**Q** 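Please see the structure below; I have some questions.
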Number of protein chains: 2
Amino acid sequence: MITERKKQVLEAVIKDYVKTAEPVGSRTIARHYMPEYSSATIRNEMSDLEEMGYLTQPHVSSGRVPNVHAYRLYVDHLINDGLINPIKDTGTEKALIARLQQMEDVVCTIAQSLSDMCRYTVAVMLPRQKDLRINSLQLMPISSARALLVVLTDAGIIRDAVVQVSSELTADDLYSISRAMSERFSGRTLSEVQGLLQGIAIHAKLEPRVMQGVGELAKQMEKQASADQLRVFGSQNILFHTEFSDVEKARSFLSAVEEKQNLLKLMSRGVKQGICAYIGHENGIVELEDCSVVVASYEMGNGHRGSVAVIGPMRMPYQELLTTLSSTASILSGMLKNSLGA
Amino acid sequence: MITERKKQVLEAVIKDYVKTAEPVGSRTIARHYMPEYSSATIRNEMSDLEEMGYLTQPHVSSGRVPNVHAYRLYVDHLINDGLINPIKDTGTEKALIARLQQMEDVVCTIAQSLSDMCRYTVAVMLPRQKDLRINSLQLMPISSARALLVVLTDAGIIRDAVVQVSSELTADDLYSISRAMSERFSGRTLSEVQGLLQGIAIHAKLEPRVMQGVGELAKQMEKQASADQLRVFGSQNILFHTEFSDVEKARSFLSAVEEKQNLLKLMSRGVKQGICAYIGHENGIVELEDCSVVVASYEMGNGHRGSVAVIGPMRMPYQELLTTLSSTASILSGMLKNSLGA
DNA sequence: GTTAGCACTCTCGCCTTTCGAGTGCTAACC
DNA sequence: GGTTAGCACTCGAAAGGCGAGAGTGCTAAC
């Protein structure tokens, strides 16, 4: 069994190691964290903790370093014992909202400032695009034979693409086509569009090339659904942390983060829970086996969900991080609910 | 005076140093580049070149390393003596054009692939937004009291923003407002919009809040003009080069590149010439004094110009780089002229 | 003008030594 | 029985010493 005092020692080791990135000795703990005991006592406890698999010694006569299991225990303790109290929104919302009107802008801006703030890499997953419902469509003329097709979806996401149209169509024609299409597609999800197009073919009055354009855009959006769904910010921040002072490691981290598929998979898993942490190899990404990923999910007004993740070395200040991240997620949810959508 | 043979030696030193990143000795030159002479001869030449300020010795008994002046001479020689022949467009254009319809997409995609290809950091400067001319405007309803304002400019750049509108306006109202506005603003530059809005105030029939929205958007675009005008790709590539194996240096590079103002200034200077190189301290950015920036300019159909830059250590293969970059710029110009704008 | 030869310099890698932080163990203490 | 002081021991990091090798400058000969 792990006694209360062992837990204290373990927590002290974690805190000190997070701060210094150096193996922690028994004397340091006794002096700075638990002056009521002598170093010898701590030494015995640490020896036990090592045997129990929570601490490791880089070499026989050095201090100890916390383990995946140690972090796991610590983080579980933080999450389960209610030690994470998201700070109430402090009014940042109002300052930002004036200038950010599209959902992606909001999310990306928040992510960027989060990464600046905590000096880690931040990834955000946007809601899955093919589940989005179309609100309306509009065509606007660009040149004689081309038009811009703008699709407005419920989650406040706007997408556009240039489509070829017959050169005989006037702006007014395009407008009435837009109205007709809006009516027909409104409320449908993007994945339904393809099917609808088939059924619609008979209504050939609706410019076929435009139809094709809509189909293209829908396809493209679906395709993007995986690629574009993840945005990464502050990946350079990794260079601030000593575990990456070897350029080779930094490079491997960066390439792992750039290859978004893996991260995406991980973050989709986390989207249902409120907040969770994948420590070390738990994240399942080989290149990131020495890193941790902390994921929190946010919600938009109409049931769509996304998630925000902080990625950094295993040695992270989990307490602050969990607090900050869960605050961020709840602020984000708030902003998206209030300002966009229905 | 610098003799022809001295130039040959200098060029050999540069080429070898670019390849190996190690100081180059006289024997290497004699063996690999100029077997018609002995190492002693080369030694004498190198000694002269050092005295003339083209080479430096890291320490007394090591090979020599080329200087800012050496690179300068070399690059001038490449540029002036017509050694840069942009490769004719090889058909990449067609493959890309189908999927890239907006000017920014085109430029950014090219920049990204350029940075992947040459493993350096690439920056692109987009045309100055406030000089862009408005082509047309369109409002589309989002919710009861909000509309999306889309502005189409000549250079194929599309911008949008959400604006507040009176809740009484129907979609048809918005459409006719759009037409009226398009008529009025078409052909004007963004910086003229502010002034026009004043004069227009009397025509109060045009929803005042929309007008305000237009003004806001114009303002915002001007504001973005500097921030958003520069895009950076592949900044992580810097980690591939030995001169940045010290993390501290890599970090300083990355922060210098992220702070876009300086780069923007530098690239604006280069926009008038076809292609030019700023070697070492010539680029005027303190953090990049050990780096070179090679800038080429591209052109869009209607007189707007932007530029592309490759940023890397001073030790770069200038010949290939200049060729690649100038090809890229000309391909880019071609694509933009053919596919967009007038 | 070019080259061969030689003495000289300086870095780099390798080894050894020293220093110190930290441990484990034992014996004494409360 | 838990806690503590003391001591011998281990091992890595930093410092110093040494030899090898690459490269130079200079001189004298071709």
Side-chain angles (χ1 to χ4, degrees), chain A residues 1-10 12-17 19-67 70 242-243 245-246, chain B residues 1-10 12-17 19-67 70 242-243 245-246:
Chain A
M1 243 317 277
I2 190 164
T3 65
E4 193 51 42
R5 194 173 68 184
K6 282 195 178 25
K7 278 191 192 168
Q8 273 179 49
V9 173
L10 195 56
V13 172
I14 292 177
K15 284 196 172 153
D16 201 82
Y17 183 67
K19 212 164 36 183
T20 63
E22 302 272 309
V24 189
S26 55
R27 197 147 175 277
T28 313
I29 301 293
R31 284 262 273 257
H32 298 332
Y33 298 87
M34 303 171 75
E36 66 272 28
Y37 297 104
S38 78
S39 70
T41 310
I42 306 294
R43 206 140 60 229
N44 290 330
E45 294 288 42
M46 286 170 88
S47 177
D48 292 352
L49 283 166
E50 180 166 9
E51 206 163 315
M52 295 166 81
Y54 291 112
L55 296 178
T56 29
Q57 264 178 312
H59 42 262
V60 66
S61 77
S62 81
R64 263 116 173 166
V65 168
N67 219 332
T242 46
E243 23 279 273
S245 60
D246 178 10
Chain B
M1 240 320 273
I2 189 163
T3 65
E4 193 51 42
R5 195 174 66 186
K6 279 193 178 29
K7 277 190 195 168
Q8 274 178 49
V9 173
L10 195 56
V13 172
I14 291 176
K15 283 194 172 154
D16 202 82
Y17 183 67
K19 210 163 39 184
T20 63
E22 303 272 308
V24 189
S26 55
R27 197 147 175 278
T28 314
I29 301 293
R31 284 262 272 259
H32 298 331
Y33 298 88
M34 303 171 74
E36 66 271 27
Y37 297 103
S38 79
S39 71
T41 311
I42 306 295
R43 206 141 58 230
N44 290 330
E45 294 288 40
M46 285 171 88
S47 177
D48 290 355
L49 283 166
E50 179 167 8
E51 206 163 316
M52 295 165 80
Y54 291 112
L55 297 178
T56 29
Q57 265 179 310
H59 44 260
V60 67
S61 77
S62 83
R64 263 114 172 165
V65 167
N67 220 331
T242 47
E243 22 279 273
S245 58
D246 178 11

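Just so you know, these numbers come straight off a predicted model, no measurement behind them. Letters A, B, ... are given to chains in the order of the sequence lines, protein chains preceding strands, and every chain is numbered from 1.
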**Q** How many whole angstroms separate atom CG of Asn44(B) from atom P of dA4(C)?
**A** 13 Å

**Q** Inspect the surroundings of CZ in Arg5(B) and state if more than 12 heavy atoms from other residues, nucleotides or ligands are less than 6.0 Å away.
**A** yes

**Q** How long is the line joining NE2 of His59(A) and C1' of dA13(D), in whole Å?
**A**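 So the two atoms are 9 Å apart, to the nearest Å.
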
**Q** Does Ser38(B) put a side-chain nitrogen or oxygen below 4.0 Å from OP1 or OP2 of dT3(C)?
**A** yes

**Q** Ignoring hydrogens and geometry, is there a side-chain-to-backbone donor-acceptor pair from Asn67(A) to Gly53(A) under 3.5 Å?
**A**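 Looks like yes, one N/O pair under 3.5 Å.
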
**Q** Going by salt bridge (charged side-chain N to carboxylate O under 4.0 Å, His left out), Arg64(B) matches just one of Glu51(B), Glu50(B), Glu45(B). Which one?
**A** Glu50(B)

**Q** Go through dC11(D), dG24(C), dG25(D) for me and flag the one nearest to the Gln57(A) side chain.
**A** dG24(C)

**Q** Give the rounded distance in Å between these two atoms: OH of Tyr37(B) and C1' of dT3(C).
**A**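 After rounding, the reported distance stands at 13 Å.
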
**Q** Side chains of Ile42(B) and Thr28(B): closer than 4.5 Å at any heavy-atom pair?
**A**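 Not in contact.
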
**Q** Could you pull out all residues at least two apart from Asp48(B) that satisfy salt bridge (charged side-chain N to carboxylate O under 4.0 Å, His left out)?
**A**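 Salt bridge (charged side-chain N to carboxylate O under 4.0 Å, His left out) list for Asp48(B), sorted by chain: Lys6(B).
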
**Q** Report yes if at least one side-chain N or O of Arg64(B) is closer than 4.0 Å to OP1 or OP2 of dT24(D); otherwise report no.
**A**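 Yes, because at least one side-chain N or O of Arg64(B) sits under 4.0 Å from OP1 or OP2 of dT24(D).
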
**Q** Rounding to an integer number of Å, can you tell me how far Leu55(A) CG sits from dT23(C) C1'?
**A** 14 Å

**Q** At under 4.0 Å, does any side-chain N or O of Ser26(A) touch on OP1 or OP2 of dG22(C)?
**A**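 Looking at the OP1 and OP2 atoms of dG22(C), neither is under 4.0 Å from any side-chain N or O of Ser26(A).
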
**Q** Once you round it to whole Å, what is the distance between P of dG24(C) and CZ of Arg27(A)?
**A** 16 Å

**Q** Round to the nearest Å and state the distance from Met34(B) atom CE to dT3(C) atom C1'.
**A** 15 Å

**Q** I want to check one thing: is the phosphate of dT2(C), taken as OP1 and OP2, less than 4.0 Å away from some side-chain N or O of Arg5(B)?
**A** yes

**Q** Counting any heavy atom closer than 4.0 Å, what does Glu45(B) reach on the DNA or RNA strands: base, sugar-phosphate only, or nothing?
**A**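 Here Glu45(B) touches no strand at all.
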
**Q** When you measure from the side chain of Ser61(A), which nucleotide among dA21(C), dG25(D), dT3(C) comes out closest?
**A**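 Of all the options, the side chain of Ser61(A) is nearest to dA21(C).
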
**Q** Looking at Arg43(B) and dG25(D), is any side-chain donor or acceptor paired with a base atom of the opposite kind under 3.5 Å?
**A** yes

**Q** Once you apply a heavy-atom cut-off of 4.0 Å, does Glu36(A) come out as touching a base, just sugar-phosphate, or nothing?
**A** sugar-phosphate

**Q** Taking the side chain of Thr41(B) as heavy atoms from C-beta outward, which of dC11(D), dT3(C), dT4(D) is closest to it?
**A** dT3(C)

**Q** So which one's nearest nucleotide on DNA chain C is more toward 5', Gly25(A) or Ala40(B)?
**A**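 Here Ala40(B) is the residue nearer the 5' end.
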
**Q** I need the NE2-P distance between His32(B) and dG23(D), as an integer number of Å.
**A** 10 Å

**Q** Counting only side-chain nitrogens and oxygens, does Ser62(A) get under 4.0 Å of the OP1 or OP2 atom of dA21(C)?
**A**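 Checking dA21(C) against Ser62(A), no side-chain N or O comes under 4.0 Å of OP1 or OP2.
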
**Q** Need the pair for dC30(D). Rule: Watson-Crick or G-U wobble, both distances under 3.5 Å, any strand; none if unpaired.
**A**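 Across any shown strand, dC30(D) pairs with dG1(C).
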
**Q** Whole angstroms only, please: what is the CD1-P distance between Ile42(B) and dT24(D)?
**A** 11 Å

**Q** Would Ile14(A) and Val24(A) satisfy side chain to side chain contact (heavy atoms under 4.5 Å, CB included), going step by step from the backbone distance to the final call?
**A** CA-CA 9 Å; Ile14(A) 292 177; Val24(A) 189; over 6 Å; no

**Q** Need one value for Ser39(B): base, sugar-phosphate or nothing, where a base atom within 4.0 Å counts as base even if backbone is also close, heavy atoms only.
**A** nothing

